[in-house]
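Here the structure comes first, spelled out in structure tokens, and everything after it is commentary.
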Amino acid sequence: MPELAEVELARRQWAACHGDTIIDVNVHNKARIYRDCPSAALGILKGKILRSSHAHGKRMLFTFAPELHLEVHLGMSGKLSTAPPNYSEQKHDHLIVYTAKAALIFNDYRMFGRVMLHDCANPWADLPPQPQDSKFSLIHVRKLIKRHPKKPLKALLLDQNACPGIGNWMADEICWRLGIHPGIATGTLEAKKLRKEIRFVTFGSLKHVADKNSKASSDGFAPGSYVANVPPKNWLFQHRWKKGGICPKCKTTLARDTIASRTTAWCPNCQF
DNA sequence: ATCGATACCTGCGCGC
DNA sequence: TGCGCGCAGGTATCGA
Ligand SMILES: [Zn+2]
């Protein structure tokens, strides 16, 4: 599926090089990608070993030493991939890290993504629980609802401090499974149901990453093709972009509008 | 404080 | 064929 799942898939691309030594770093100095961190600082990675990697919501963290981490966010169009070590820079490549065996590439044509270095032990210490974590409890979800009672459901789902990892497509999927219009105020929701569907869609997304990975692939991933092919037909996701797309439950033509500043699709028959 | 609207980019597909 | 427009999976930031 989208978003969270693609982050996880992207992380795995580079994770193939865990344990390998960085022998060269090529940065695109002028790129907006480096608005949080001077690109020249990335030279410090030379000679270091990529030890491990983690994801939290849509963020990824690649660890080189206990107090040296590279954080990557894909924005709207970022991609991570690997290539043979003789790879040379392509259009919109902003970071290429070379090991003896491979080139690790970050490419992002729209440049909404970002890359930054952290020189502390745990740069993610203050991040909120993710839907797939045990800390995303019923009590936690009740607190979220209480904290944002007037916020539209869709806006709460897209708030990365509340639901890290949920993106536009997953948010619509969750609203649709809830049978609730995405514009409805959060305060009217049942925490138990909300938590259930957030977690269903989150785990479902991650499962599809595993399914996809079980087939042999790939030289870098193409979000478009991956996303279009993997999720089941009984998810809203498969229908929401087609013009005249229909609800997989009741076959009603889906409605589309901008909600929480994002294009939103819903079934006017199943959601209100 | 919280909220919604806007800015930030490039590329693609559509209608004229 | 070419051009202009709207739109794209995200989020920092700035006003009300
Ligand atoms: Zn329906």
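Letters go in sequence order (proteins before strands), and every chain restarts at 1. The shown structure was predicted, so the numbers you read here are calculated from the model rather than taken from an experiment.
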Starting at atom [atom1] of [X], determine the distance to atom [atom2] of [N], rounded to an integer number of angstrom.
X        : N      : atom1 : atom2 : result
A/Met76  : B/dC8  : CE    : C1'   : 11 Å
A/Arg262 : C/dA12 : CZ    : C1'   : 14 Å
A/Asp36  : C/dA12 : CG    : P     : 8 Å
A/Leu158 : B/dC3  : CG    : C1'   : 14 Å
A/His148 : B/dT2  : NE2   : P     : 8 Å
A/Asn161 : C/dG10 : CG    : C1'   : 13 Å
A/His94  : B/dC9  : NE2   : C1'   : 10 Å
A/Asp159 : B/dC3  : CG    : C1'   : 11 Å

>> Using a heavy-atom cut-off of 4.0 Å across all strands, would you classify A/Lys150 as base, sugar-phosphate, or nothing?
In response: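 Contact class for A/Lys150: none.
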
>> So A/Thr263, base contact, sugar-phosphate only, or nothing? Heavy-atom distance under 4.0 Å.
In response: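 Here A/Thr263 touches the backbone only, sparing every base.
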
>> Under 3.5 Å, is there a donor on one side chain and an acceptor on the other for A/Asn26 and A/Tyr87?
In response: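 Distance-only check fails for A/Asn26 and A/Tyr87.
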
> With nearest nucleotides of DNA chain C determined for A/Tyr109 and A/His73 from heavy-atom distances, which residue corresponds to the more 5′ nucleotide?
Replying inline: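 Nearest nucleotide further toward 5': that of A/Tyr109.
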
>> For a quick test of reading the model, state the closest non-hydrogen atom pair linking A/Trp169 to A/Glu3 and the distance between them.
In response: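 Answer, listing the atom of A/Trp169 first, then A/Glu3: N-OE2, 2.7 Å.
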
> If you look at every heavy atom in A/Thr82 and A/Gln13, which pair is closest and at what distance?
Replying inline: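 Looking at all heavy atoms of both residues, the shortest contact is CG2-O, 3.3 Å.
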
Can you figure out which of [options] approaches the side chain of [X] most closely?
X        : options                : result
A/Arg256 : B/dA5, B/dC9, C/dA8    : C/dA8
A/Met111 : B/dC9, C/dG10, B/dG11  : B/dC9
A/Lys151 : C/dT11, B/dC3, C/dC7   : B/dC3
A/Arg110 : B/dT10, C/dT11, B/dG11 : B/dT10
A/Arg114 : B/dC3, B/dC8, C/dA12   : C/dA12
A/Ser261 : C/dT11, B/dC9, B/dT6   : B/dT6
A/Pro152 : C/dA8, B/dG4, B/dC9    : B/dG4

>> If the cut-off is 4.0 Å, is A/Lys58 near the phosphate of C/dT11, judged by side-chain N/O to OP1 or OP2?
In response: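 The answer is yes; a side-chain N or O of A/Lys58 sits under 4.0 Å from OP1 or OP2.
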
> Is there a side-chain polar atom (N or O) of A/Gln160 under 4.0 Å from OP1 or OP2 of C/dT11?
Replying inline: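 True: A/Gln160 side-chain N/O within range (under 4.0 Å) of C/dT11 OP1/OP2.
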
> So with a 6.0 Å cut-off around NZ of A/Lys196, is the heavy-atom count from everything else above 12?
Replying inline: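 Atom NZ in A/Lys196 is not packed in, count stays at 12 or less.
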
> Would you say A/Lys101 has more than 12 foreign heavy atoms packed within less than 6.0 Å of its NZ?
Replying inline: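 No, not enclosed.
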
>> Roughly how many Å apart are C/dC14 and B/dC9, using the P atom of each and rounding to a whole number?
In response: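 15 Å, rounded to whole Å.
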
> Which value, in whole Å, describes the distance between the P atoms of nucleotides C/dT11 and B/dA1?
Replying inline: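 Nearest-Å result for C/dT11 against B/dA1 at atom P: 24 Å.
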
> Who is the Watson-Crick or G-U wobble partner of C/dG6, with both distances under 3.5 Å?
Replying inline: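 C/dG6 is paired, partner B/dC12.
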
> Does the side-chain ring of A/Phe112 lie flat on the base of B/dC8, meaning centres under 5.5 Å and planes less than 30 degrees apart?
Replying inline: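 Taking the rule of under 5.5 Å and under 30°, the ring of A/Phe112 does stack on B/dC8.
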
> Are A/Lys46 and A/Asp24 close enough for a salt bridge, meaning some N to O gap below 4.0 Å?
Replying inline: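 Salt bridge between A/Lys46 and A/Asp24, a charged N being under 4.0 Å from a carboxylate O: yes.
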
